[in-house]
There are 2 protein chains.
Amino acid sequence: MIDKTLDTSILLGLYETAMLLIKQNVEFVSKQGLTNQQWVILIHLAKDPNLPFLIREKHTMPLMASELADSLGVTRANITNLLTILMDKGLIKQIEDKEDRRKKRLVLTPKGDKLIKLMQPDRKKSNAQMLSGLSKKEKELFLIYIQKCTENLQTQKFS
Amino acid sequence: MIDKTLDTSILLGLYETAMLLIKQNVEFVSKQGLTNQQWVILIHLAKDPNLPFLIREKHTMPLMASELADSLGVTRANITNLLTILMDKGLIKQIEDKEDRRKKRLVLTPKGDKLIKLMQPDRKKSNAQMLSGLSKKEKELFLIYIQKCTENLQTQKFS
DNA sequence: ATTAATAATTAATAATATTAACTATTGTAT
DNA sequence: ATACAATAGTTAATATTATTAATTATTAAT
């Protein structure tokens, strides 16, 4: 018999919430012909200041594929596939790095930029709906708890 | 330019935390030759009282495949595949429902039960580590916020 | 008695991601 | 200066995970 604990209830709760959240997002972005992963790449290139990866690390130069792989937690090969699709759609383009010719910097095209801007209002509405019923103070605490978890999960790797 | 908001920071934070959490769990359960989904099914059959699905709905009878599909948010066909693997491994078994012969109830075998019990100590340790640095009071608030999100995400479907 | 609904399964396929091998370029250590 | 390692990206083959559509069996509803 497994006992009921706060820790495990939180973990399984987080898991379920994230699954629902992804499902909803898949629905949202598929209206624009995007997959969830493609969308996440686009908001990275749009420098969304809410992205944990961009909060933790300052990036003055445009991102490259390997940095996206880091942030999304997938392989570079996978990122290559996703970027090819986004380039075929004309939403992003690669720029060669003059200083290091191995690197390719990634930026939104005007079309990609326009698409992200177009989706913003509905996106914000849907995000607000997910958190409705929580006060500003509660949301601030919520964010702190989430960030604490991420921190713990990332340092755990080295134990 | 996308603006920084509490709502979106929380949403993207949740997303990242869940991805890290799943990665860690995949590592944990793969040591026992399980995938993440297989593991989630096993703790359902072990009646883990921390599972949101089991908190929301009382189940006196053993679960059936369609209920698992509901809880995991996947198709019944997918569940069938997962159950076949778990039965081949001898971790679960099907029991025919006498009252309704369409239904098949799912239970752990002694081997499956033993495996779950064996994994519990490490599981609890890892869950505690994810939440280290948070007080009991903070954890209680955290759980309430998570449950509020799930609620909001589930009612949003009908808008 | 017929039709609809529910439960589970099967087969084919879609999607998503990984591994391993390869090219090109840059960094490092003799 | 040369050799070796490391980084960045790509490609091809494959693994995985999940879905859709069709099928069987059983039960519910009209």
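Just so it is clear, the model here is predicted, and its values are computed rather than measured. The figures that follow rest on heavy atoms only: side chains count, while hydrogens, waters and symmetry mates do not. Just so it is clear: chains get the letters A, B, ... in the order the sequence lines come, proteins before strands, and each one is counted from 1.
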Any carboxylate oxygen within less than 4.0 angstrom of a Lys/Arg side-chain nitrogen, looking at B:Lys124 and A:Asp7? no
Assign the ring pair B:Tyr145 / A:Tyr145 to parallel, tilted or perpendicular, where the plane angle (0 to 90°) is split at 30° and 60°. parallel
According to a 3.5 Å limit on both distances, what stems of 3 or more consecutive Watson-Crick or G-U pairs are formed with DNA chain D? C:1-30 with D:1-30
Looking only at N and O atoms, is any donor in the side chain of A:Arg76 or the base of D:dG9 less than 3.5 Å from an acceptor on the other one? yes
On DNA chain C, check which nucleotide each of A:Ile79 and B:Leu83 is closest to and give me the residue with the more 5' one. B:Leu83
Short question: side chain of A:Ser126, backbone of A:Asp122 - any donor-acceptor pair under 3.5 Å? no
Please state how far atom CD in A:Glu67 lies from atom C1' in D:dT7, giving the value in whole angstrom units. 12 Å
Please confirm whether the backbone N or O of B:Leu6 pairs with a side-chain atom of B:Ser9, one donor and one acceptor, at under 3.5 Å? no
Tell me: CG of A:Asp97 to C1' of C:dG27, nearest whole Å? 15 Å
Whole-Å gap separating P (D:dA8) and NZ (A:Lys98): 19 Å
Surrounding CD of A:Glu27 (heavy atoms of other residues, nucleotides or ligands, distance under 6.0 Å), is the total greater than 12? no
Assess whether side-chain contact (heavy atoms from CB on, under 4.5 Å) is satisfied between A:Ile79 and A:Gln37, documenting all intermediate values. CA-CA 9 Å; A:Ile79 294 288; A:Gln37 297 286 67; over 6 Å; no
Find the distance B:Leu68:CG to C:dA7:C1' and express it as a whole number of Å. 13 Å
Please check: side-chain N/O of B:Asp3 versus main-chain N/O of A:Pro49, any donor-acceptor pairing under 3.5 Å? no
Donor-acceptor pair (no angle test) under 3.5 Å: A:Arg101 side chain, C:dT25 base: no
Nucleotide C:dA15, atom P - distance to CH2 of A:Trp39 in whole Å: 21 Å
Take the protein atom NZ of A:Lys104 and the nucleotide atom C1' of C:dT25, then report the distance between them rounded to whole Å. 12 Å
Grab the CD-C1' distance between B:Glu96 and D:dT27 for me, whole Å please. 15 Å
What's the CD-P distance between A:Glu27 and D:dT19, to the nearest Å? 13 Å
For B:Thr80, which contact category applies under a 4.0 Å heavy-atom criterion: base, sugar-phosphate, or nothing? base
At under 4.0 Å, does any side-chain N or O of A:Thr75 touch on OP1 or OP2 of C:dT18? yes
Is there a side-chain contact between B:Leu91 and B:Gln32 in this structure, where contact means two heavy atoms from C-beta onward sitting under 4.5 Å apart? no
Heavy-atom protein contacts under 4.0 Å, nucleotides 12-17 of chain D, coded B base, S sugar-phosphate only, - none: -----S
Phosphate-side-chain proximity, B:Ser66 and C:dA8, N/O vs OP1/OP2 below 4.0 Å: yes
Any donor-acceptor pair under 3.5 Å linking the side chain of B:Gln120 with the backbone of B:Lys117? no
